[in-house]
Amino acid sequence: MLDLAFIRDHPDLVREALRKRNTDAPLDRILELDERRRALLKEVEALKHQRNVASKQIGRTKDPAEREARIAEMRAVSDRIAALDDQVREVETELKEALLWVPNIPHESVPVGPDEEANVVVRQEGEPKTADDFGFRPLPHWDLGPMLDIIDFERGVKLAGSRFYVLKGMGARLHRALIQWMLDIHVTENGYTETYLPHMVRREMMVGAAQLPKFEDNIYHDAEEDYWFIGTAEIPLTNLHRDEILSADQLPLYYVAHTPCFRREKMSAGRDVRGIKRVHQFDKVEMYKFVLPETSYEELESLVENAVDLCRRLGLPYRVVEICTGDLGFASAKTYDIEAWAPGSGEWLEVSSCSNVETFQARRANIRFRREKGAKPEYVHTLNGSGLALPRTLIAILETYQQADGSVVVPEVLRPYMGGVEVIRPPV
RNA sequence: GGAGGGAUGGCCGAGUGGACGAAGGCGACGGUCUUGAAAACCGUUGUGGCCGAAAGGUCACCGGGGGUUCGAAUCCCUCUCCCUCCGCCA
């Protein structure tokens, strides 16, 4: 959410941001409602002041006749206040709702462009492996997985329908190894605090993390009770310090969580239907930071470094992509995607997305800090980044480490987490 | 699932229609005293909105939302959360 006062003072700047994003928001309506609200407040607050003064007098008045007269007089004022209050409430409700539909303002460093075509590859490490490097034609994971009997698509579909899958044997174990390994690195080397979180949250948390109201289509929720399934650990992590005022010396706060992620993928119907690239349920290790505003862009760089370091250690060629204004997520001021090469599918896979949302979520979830005792509370900056998304990392590993006989070499760093297994072989 | 009891400022806790943005205590901060510290004493100690260049003024907030009333922390309705007991359960 943007600061209403900021919108009021810089409407052109906001309009320009929307244009760069190639999107729309009810900006004019907001300005109109804001003006109306302030006019109403002026009027109703003057009346309330009058009422407060009069009520105190009535309390002191002993004479019953005079008392009655004053009460009658105030009854009219009170009615007028009630009517105005209704209007204020109406205007404020619409204003708040409208504000929730305004996206964040892109940072000035973000490349301007209409869509993902304009994203910029800022760096790359490792060369994407080709058929020549392999000496054979590398298979996509949707062929490799069943061959190795480690991904069972048919039974996944039997259990839950399309876009579900079952990991089995060494596939499940590799998945678990990745989670443990990633968490261990973040916790022991990168200073993140491990958390275990609710995977369903209240509606308010969805609004706080800016999933609602705009992305309701993509979220699973319980129809009877107020439970919303998380599409990312970013949602509970954002709200961890909801309605709190932190002290500056607590910052920065780093958290990491492994959670399942549930996504309806309604809007991506028909896209990426093969394999486990785009599914309704996947696991992810997520990093999250609460930081001082003036440090948030350095923090974004180190967040990206924490993510790419995992690719590097796994021996996966990757590239860092700076997302342009037209492709930027709703809440984000600046985002880097990290893409790992999947030689079998022949594409770069988004295994991580690291964003600085500045005060966007902090404002929605009311997360503040105080620089020193007695200082005015300010909103913190928050950042989130995958470190990393599991199925896509698994895809990249399987496709990168496959051998001519169909076996897959386990990356060295994961072997201690796999009971020393070095190669995943097809069943005999 | 059934039956009860609760939610007040950073914390504890008083307050059942006007004197209450809220007693008292604790904590924190500033000061006096002291070689220094402690103790003692004095003072300060919430958040947000609106108007204003500022000083300041004003409105709102006692778990959330509605209502009654000239006036609500206090009365009514409703929701959420917490606690106790019973039942059930991994």
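Residue numbers start from 1 in every chain, and the chains themselves are labelled A, B, ... in the order their sequence lines are given, proteins ahead of strands.
Comparing B:G9 with B:G67, their C1' atoms are spaced 26 Å from each other, to the whole Å. The C1' atoms of B:C26 and B:U45 are separated by 13 Å, rounded to the nearest whole Å. Rounded to whole Å, the separation between the C1' atoms of B:A7 and B:G63 comes to 6 Å. With both ends at atom C1', the span from B:G17 to B:U74 equals 7 Å, rounded to whole Å. Comparing B:C20 with B:C62, their C1' atoms are spaced 10 Å from each other, to the whole Å.
Both distances falling under 3.5 Å, in either a Watson-Crick or a G-U wobble arrangement, place B:C61 opposite B:G46. For B:G52, there is no paired nucleotide, since no Watson-Crick or G-U wobble pair has both relevant distances below 3.5 Å. Across all strands shown, B:C41 forms a Watson-Crick or G-U wobble pair with B:G31, both key distances being under 3.5 Å. Nucleotide B:G71 forms no Watson-Crick or G-U wobble pair with any nucleotide shown, as no partner meets the under 3.5 Å limit on both distances. B:U16: no Watson-Crick or G-U partner with both key distances under 3.5 Å is found in any strand. Base pairing analysis places B:U80 opposite B:A7; the two distances defining the Watson-Crick or G-U wobble pair are each below 3.5 Å. B:C88 makes up no base pair with any nucleotide shown, lacking Watson-Crick or G-U wobble contacts both under 3.5 Å.
Going from atom CZ of A:Arg363 over to atom P of B:G49 covers 10 Å, rounded to whole Å. A:Arg371 has its CZ atom 21 Å from the P atom of B:C29, to the nearest Å. Computed from coordinates, the A:Glu66 CD to B:G18 P distance equals 20 Å when rounded to whole Å. For A:Lys42 and B:G52, the NZ to C1' distance is 10 Å, given to the nearest whole Å. Between the P atom of B:G64 and the CZ atom of A:Arg202 lies a distance of 15 Å, rounded to the nearest Å.
The side chain of A:Arg60 places no N or O atom within less than 4.0 Å of a non-bridging phosphate oxygen (OP1 or OP2) of B:G18. Checking the phosphate oxygens (OP1, OP2) of B:G48, a side-chain nitrogen or oxygen of A:Arg368 falls inside 4.0 Å. Side-chain nitrogen and oxygen atoms of A:Asn52 include at least one within less than 4.0 Å of the OP1 or OP2 phosphate oxygen of B:C59. Between A:Arg70 and the phosphate of B:C70, there is no side-chain N or O to OP1/OP2 separation shorter than 4.0 Å. Residue A:Arg75 places no side-chain N or O under 4.0 Å from the OP1 or OP2 atom of B:U69. Neither OP1 nor OP2 of B:U69 sits under 4.0 Å from any side-chain N or O of A:Ser78.
Residue contacts shown for A:Arg80 are absent, as no nucleic acid heavy atom lies under 4.0 Å away. A:Arg370 comes within 4.0 angstrom of the backbone, heavy atoms only, and of no base.
Crowding of A:Arg371 atom CZ: a count of heavy atoms from other residues, nucleotides or ligands under 6.0 Å exceeding 12.
For the residue pair A:Asp3/A:Tyr379, the side-chain donor-acceptor check at 3.5 Å is not satisfied. With hydrogens and angles left out, the side-chain atoms of A:Glu399 and A:Ser345 include a donor and acceptor closer than 3.5 Å. Side-chain polar atoms of A:Arg176 and A:Tyr417 form no donor-acceptor pair below 3.5 angstrom.
Each of B:G71, B:A28, B:C50 was ranked by its minimum atom distance to the side chain of A:Ser55; first place goes to B:G71. Among the nucleotides B:C81, B:C59, B:C70, the one closest to the side chain of A:Ile58 is B:C70. Picking from B:C70, B:C29, B:C50 the nucleotide with the shortest atom distance to the side chain of A:Met74 gives B:C70.
Two residues, A:Arg38 and A:Arg89, neighbour RNA chain B, and the one matched to the more 5' nucleotide by heavy-atom proximity is A:Arg38. Sequence order on RNA chain B of the closest nucleotides to A:Gly59 and A:His49 puts A:Gly59 first from the 5' end.
Ring-plane geometry between A:Tyr255 and A:Phe290 is classed as perpendicular, the angle between the planes exceeding 60 degrees on a 0 to 90 degree scale with a lower cut at 30.
A:Cys311 and A:Leu388 make their closest contact through SG-CD1, 4.0 Å (heavy atoms, listed as atom of the first residue, atom of the second, distance).
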For residues 195-219 of chain A, dump all side-chain donor-acceptor pairs below 3.5 Å to protein atoms at least two apart in sequence or in another chain.
{"unit_1": "A:Thr195", "atom_1": "OG1", "unit_2": "A:Val256", "atom_2": "O", "d": "3.0"}
{"unit_1": "A:His199", "atom_1": "NE2", "unit_2": "A:Leu197", "atom_2": "O", "d": "3.3"}
{"unit_1": "A:Asn218", "atom_1": "OD1", "unit_2": "A:Glu265", "atom_2": "N", "d": "2.7"}

